[in-house]
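Starting off with a structure, shown below.
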Amino acid sequence: MDNISIARLLDETASLLEIDAADPFRIRSYRRAAEAVEQQTTQIATLADDPKQLLAIPGIGKGMVVNIQALLTTGTLPLREELLQKYKPTMLELLRLPGMGPKTVALVWSSCQVCDIDGLEAAAKAGHLTKLPRMGEKFVTKLLKGIEDHRKNSSRFRIDKAQQHADTISDLIRAFPGIDEITPAGSLRRGRETVGDIDLLVTGPACEPDVVSAAIEHVAALPLIDKLLAKGQNKVSFTLRNNLQVDVRLLPRASYGAALQYFTGSKMHNVALRQRAIKRGLTLNEYALLRVEDNVIIAAASEADIYNALALDYVPPELRENSGELEAAAAHTLPHLITRADIRGDLHMHTNATDGRDTIRQMAEAALARGLTYIAITDHSKNLAMTNGLDDKRALAHIKGILKVDAEMEGKIRVLPGIEVDILADGALDLDDSTLAQMDIVVASVHSHFNQPIEEMTERVLRALENPHVRILGHPTGRKVLSREGYAINIDLIIKRAAELGVAVEHNANPARSDLNDLNLRIAKQFGCKIVVDTDAHSTEELDQIRYGITQLRRAWLTPADILNTEPTAEAFLKNLRPKP
Ligand code: DGT
Ligand code: CA
Ligand code: CA
Ligand code: ZN
């Protein structure tokens with residue numbers, strides 16, 4: 001049995017456990033093992049007789065070694081067989097739909113023998129579901145909309161997932177001697193929220209034909225390949241177990257810039273660029289920028305050479321959407337886009353006081369290690385009961401803990417007391433004003449009653465903004481990338497009012513949220529609204545998700561001056577926020 005098959009069976013067992021509403025840690029251990037097996041460079045089957053070697057793989061513990069051995073000898077697992085008596089693996093897909101929890105999935109199976117999306121859609125349309133408990137017309141309408149969204153989205157992948165896969169594959173390709181550069185191109189390089197497939201450009205051994213073909217064989221034999229789609233002279237296309245397609249192209253160093261430019265896209269940007277070339281008697285393809293009359297190469301090795309030869313400033317990949325970037329590049333008016341190094345503070349993060357994993361001190365140390373000079377600890381308020389949200393009493397006690405860590409850090413990093421306070425259904429805030437008055441950073445967010453009509457939701461958030469303690473509006477539209485549209489809200493009106501009141505709007509860097517989106521961000525800038533970019537980290541590692549936030553800000557053409565938390569110190573930052581009452 002090959003690695004992909006082992007990984008698939010382990011992952012399927014995790015899915016069955018999920019439908020069975022099993023312990024999340026147990027589910028996670030199967031998923032992690034599946035990932036670990038998938039990323040091995042050798043076939044696991046060859047290690048089966050030596051449990052020590054299996055144990056040495058991170059993500060595989062003693063129990064999992066037994067499971068893998070069972071898979072290799074019997075082709076299945078006792079646990080998987082047991083779960084398959086009750087459920088079907090396709091049911092996992094049903095869990096991704098709105099309102100479908102494990103219990104509901106089990107119920108539609110036992111009462112309607114429905115175990116996949118097509119079946120569920122048919123049952124919903126035939127009116128079978130409304131006969132079941134707790135499933136009214138409203139539920140069915142929402143479900144059918146959810147199925148439609150799911151079908152639309154299921155062929156795209158979130159940027160952070162694609163990035164992880166691209167990193168893993170790049171590491172495996174790099175094992176071939178002589179590879180010198182591997183760069184993602186396409187939508188991943190442009191920093192889109194989602195990608196359709198991964199485009200990897202590889203340079204290195206591209207001079208001698210037999211080395212190139214050996215490199216191609218190396219790529220085509222990667223153990224994490226599920227289906228090999230195509231293998232050409234310098235291109236390999238394949239899919240991963242999750243159906244994500246990867247196109248790998250091997251290039252000579254000399255045409256690297258032209259290839260990178262071509263395969264980064266977007267298509268519309270490239271079309272406009274080629275037209276510009278033609279007007280100048282030049283032609284642009286994936287190998288070079290050439291003079292038409294005599295085929296002399298004008299530029300090929302670097303992207304900057306190509307743009308400059310067309311009398312353009314270099315266009316950062318995030319701007320290549322044919323939305324004014326070529327005009328600006330010609331007029332030398334492209335913005336100096338923000339970078340990660342410009343960010344000095346992070347004003348939205350959680351600790352183990354609520355649903356975060358780490359302590360205040362751990363978050364502070366991790367932020368310091370990442371070069372930040374100030375952070376705010378903003379745990380949840382009590383309305384979010386499932387996160388163990390803070391009531392007034394605990395919130396006040398939490399401030400003491402935050403100030404203690406602030407003192408312990410001895411000025412190396414400032415740790416500001418804050419809260420992410422829930423905006424309740426009527427626009428009131430979840431904690432007393434007297435409690436909020438003790439906080440430097442009050443982030444107000446909507447976490448409930450997402451289905452209010454647009455007028456009600458807009459009024460609700462406007463009312464929250466009027467509370468003079470609110471300094472930042474958290475994830476203002478509530479959307480979740482690929483899984484949930486934002487709630488109905490007049491976001492332009494909200495941004496306008498926030499600008500008038502001096503309330504900053506947040507760009508939430510968590511790639512699952514990425515909220516505000518690029519259009520909203522451009523509107524915020526137009527209205528002169530203050531903007532902060534925060535990670536909303538629930539663990540120390542999630543502080544690194546700032547990178548995705550920065551990408552989105554760049555896609556919105558924003559500069560360091562547009563973002564408040566580029567201010568070098570906590571004092572300078574706080575001075576720019578709405579003044580405390
Ligand atoms: P995706 O994968 O749907 O998220 O979007 P992209 O932009 O990565 O598109 P993809 O993977 O089809 O192609 C990568 C880049 O390669 C694309 O942005 C521009 C270039 N490209 C690919 N095929 C064509 C083509 O037929 N014409 C032109 N002009 N460019 C192409
Ligand atoms: Ca692509
Ligand atoms: Ca592609
Ligand atoms: Zn939140």
Side-chain angles (χ1 to χ4, degrees), residues 152-153 155-159 161-163 165-166 183-201 229 235 237 239 243-249 251 258-275 277-278 283-286 315 317-322 347-350 354-356 376 378-381 383-384 386-387 389-390 418-423 430 441-448 450 461 464 472-482 484 486-487 506-510 512-515 534-538 542 555:
K152 219 165 44 204
N153 292 334
S155 60
R156 296 193 67 84
F157 294 79
R158 232 168 55 194
I159 184 170
K161 312 267 183 210
Q163 183 67 54
H165 288 295
T183 320
S187 50
L188 182 56
R189 180 158 183 251
R190 300 200 310 282
R192 301 289 309 221
E193 291 157 4
T194 64
V195 312
D197 68 9
I198 296 178
D199 304 279
L200 284 180
L201 300 187
L229 302 175
K235 180 183 166 185
S237 287
T239 56
N243 255 344
L244 175 57
Q245 183 175 330
V246 184
D247 296 337
V248 180
R249 291 182 179 83
L251 307 158
L260 191 54
Q261 198 293 312
Y262 182 90
F263 290 110
T264 296
S266 67
K267 277 179 193 146
M268 294 311 291
H269 173 89
N270 286 359
V271 166
L273 197 67
R274 273 202 301 278
Q275 282 166 352
I278 290 165
T283 163
L284 179 62
N285 59 34
E286 64 259 57
V315 181
E318 296 90 339
L319 301 186
R320 299 184 196 171
E321 300 293 345
N322 196 29
L347 293 311
H348 184 169
M349 65 186 70
H350 299 265
T354 59
D355 61 345
T378 54
D379 273 302
H380 287 292
S381 63
N383 185 51
L384 266 191
M386 75 262 199
T387 69
L390 308 174
I419 189 89
E420 181 182 16
V421 65
D422 262 40
I423 300 175
D430 191 25
I441 303 293
V442 175
V443 180
S445 310
V446 169
H447 290 122
S448 61
F450 295 124
V461 176
I472 298 174
L473 178 62
H475 44 75
T477 74
R479 67 100 168 242
K480 289 269 182 83
V481 174
L482 291 180
R484 180 173 86 199
Y487 31 77
E506 172 183 83
H507 171 72
N508 193 298
N510 184 323
R513 290 193 181 274
S514 195
D515 176 14
D534 292 325
T535 58
D536 195 356
H538 284 66
E542 284 183 9
R555 283 174 27 76

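Every number for a ligand or one of its atoms is a count from 1 in the order of the listing.
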Proximity winner for atom 3 (O) of ligand 1, if only heavy atoms of E321, R156, M268, Q245 are counted =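 It is R156 that holds the nearest heavy atom.
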
Any idea which protein heavy atom is nearest atom 11 (O) of ligand 1, and the distance to it?
->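 Closest protein heavy atom to atom 11 (O) of ligand 1: D197 OD1, 2.9 Å.
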
Which ligand 1 atoms are under 4.0 Å away from a heavy-atom of V195?
->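 By the 4.0 Å cutoff, the relevant atoms are 4 (O).
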
Measure from the side-chain N and O atoms of D534 to the backbone N and O of D536, and report whether any donor-acceptor pair falls under 3.5 Å.
->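 Absent.
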
Part of T264 within contact of ligand 1 (heavy atoms, under 4.0 Å) =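 Only the backbone of T264 comes within reach of ligand 1.
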
Going by heavy atoms in the side chains, are E506 and E420 under 4.5 Å from each other?
->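 E506 does not reach E420 side chain to side chain.
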
Under the 6.0 Å and 45° cation-pi test, does R274 pair with Y262?
->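 Negative - R274 is either too far from the ring of Y262 or too far off its axis.
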
Nearest protein heavy-atom contact for atom 7 (O) of ligand 1: which residue, which atom, what distance?
->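 In this structure, atom 7 (O) of ligand 1 has R190 NH1, 2.9 Å as its nearest protein heavy atom.
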
Just jot down the ligand 1 atoms closer than 4.0 angstrom to any heavy atom of G196, in number order.
->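 Those qualifying, in numeric order: 1 (P), 2 (O), 3 (O), 4 (O).
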
Short question: side chain of S187, backbone of R192 - any donor-acceptor pair under 3.5 Å?
->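 Such a contact is absent between S187 side chain and R192 backbone.
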
Salt bridge present between R513 and E193 (N-O < 4.0 angstrom) =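 The answer is no: the pair does not qualify as a salt bridge.
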
Take L390 and I419 through the side chain to side chain contact (heavy atoms under 4.5 Å, CB included) test and state the conclusion after the steps.
-> CA-CA 9 Å; L390 308 174; I419 189 89; 4.0 Å; yes

Within H447, is some N, O or S atom less than 2.8 Å away from the Zn ion (ligand 4)?
->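 Under 2.8 Å: H447 contacts the Zn ion (ligand 4) through an N, O or S atom.
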
Out of curiosity, is D199 lining ligand 1, as in a heavy atom under 4.0 Å away?
->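 Yes, D199 has heavy atoms under 4.0 Å from ligand 1.
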
Examine distances only and state if a side-chain atom of R484 and a backbone atom of R479 form a donor-acceptor pair shorter than 3.5 Å.
->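 A pair under 3.5 Å: no.
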
Could you check which N/O/S atom of D197 is closest to the Ca ion (ligand 2)?
->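 Sorting the N, O and S atoms of D197 by distance to the Ca ion (ligand 2) puts OD1 first.
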
Return a yes/no value: protein heavy atom under 4.0 Å from atom 9 (O) of ligand 1?
->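 Under the 4.0 Å cut-off, atom 9 (O) of ligand 1 has no protein heavy-atom neighbours at all.
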
Report yes or no: does D247 have an N/O/S atom closer than 3.0 Å to the Ca ion (ligand 2)?
->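 No - counting backbone and side chain alike, D247 has no N, O or S atom under 3.0 Å.
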
Residue and atom name of the nearest protein heavy atom (relative to atom 18 (O) of ligand 1), distance in Å to one decimal |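 Ranking protein heavy atoms by distance from atom 18 (O) of ligand 1, first comes G265 CA, 3.1 Å.
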
Look at the side chain of R190 and the backbone N and O of T264, then say whether any donor-acceptor pair between them is shorter than 3.5 Å.
->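 At least one qualifying donor-acceptor pair exists.
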
Among protein heavy atoms, which lies nearest atom 4 (O) of ligand 1, and at what distance?
->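 Looking at atom 4 (O) of ligand 1, the protein heavy atom closest to it is S187 OG, 2.5 Å.
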
Do side-chain atoms of N383 reach the backbone of D422 as a donor and acceptor pair under 3.5 angstrom?
->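 No, the answer is negative, given that no donor and acceptor are paired below the 3.5 Å cut-off.
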
Which of the numbered atoms in ligand 1 are below 4.0 angstrom from a heavy atom of G186?
->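 Those of ligand 1 that fall under 4.0 Å from G186 are 8 (O).
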
So, the side chain of S237 versus the backbone of L229: is there a donor-acceptor pair under 3.5 Å, distance only?
->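 Pair absent, no side-chain N/O of S237 close to backbone of L229.
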
For atom 29 (N) of ligand 1, grab the closest protein heavy atom and report residue, atom and distance to one decimal in Å.
->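 For this ligand atom, the closest protein heavy atom is R274 NH2, 3.2 Å.
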
Over all atoms of both residues, closest heavy-atom pair of D199 and G186 |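 Shortest heavy-atom separation between D199 and G186 comes out as OD2-CA, 3.7 Å.
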
Candidate with minimal heavy-atom separation from atom 22 (C) of ligand 1, of R320, R249, K267 =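 Nearest option to atom 22 (C) of ligand 1, by heavy atoms: K267.
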
Can you measure from CG (D355) to NE2 (H380) and round to the nearest 0.5 angstrom?
->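 D355 atom CG to H380 atom NE2 measures 4.0 Å (nearest 0.5 Å).
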
Looking only at protein heavy atoms, which one is nearest to atom 14 (C) of ligand 1, and how far off is it?
->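 For atom 14 (C) of ligand 1, the nearest protein heavy atom comes out as F263 O, 3.5 Å.
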
Kindly confirm whether the Zn ion (ligand 4) is within less than 2.8 Å of some N/O/S atom in E420?
->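 For E420, the answer is yes, given that an N, O or S atom comes within less than 2.8 Å of the Zn ion (ligand 4).
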
Atom name, D199 (N, O or S, nearest to the Ca ion (ligand 2)) =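 The D199 atom nearest to the Ca ion (ligand 2), restricting to N, O or S, is OD2.
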
N/O donor-acceptor pair under 3.5 Å between E542 side chain and H538 backbone |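 Yes; at least one donor-acceptor contact below 3.5 Å.
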
Any N/O/S atom of H475 sitting less than 2.8 Å from the Zn ion (ligand 4), backbone or side chain?
->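 Of the N, O and S atoms in H475, at least one lies under 2.8 Å from the Zn ion (ligand 4), which means yes.
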
Do me a favour and list the nearest non-hydrogen protein atom to atom 28 (C) of ligand 1 with residue, atom name and distance?
->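 The answer is Y262 OH, 3.7 Å.
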
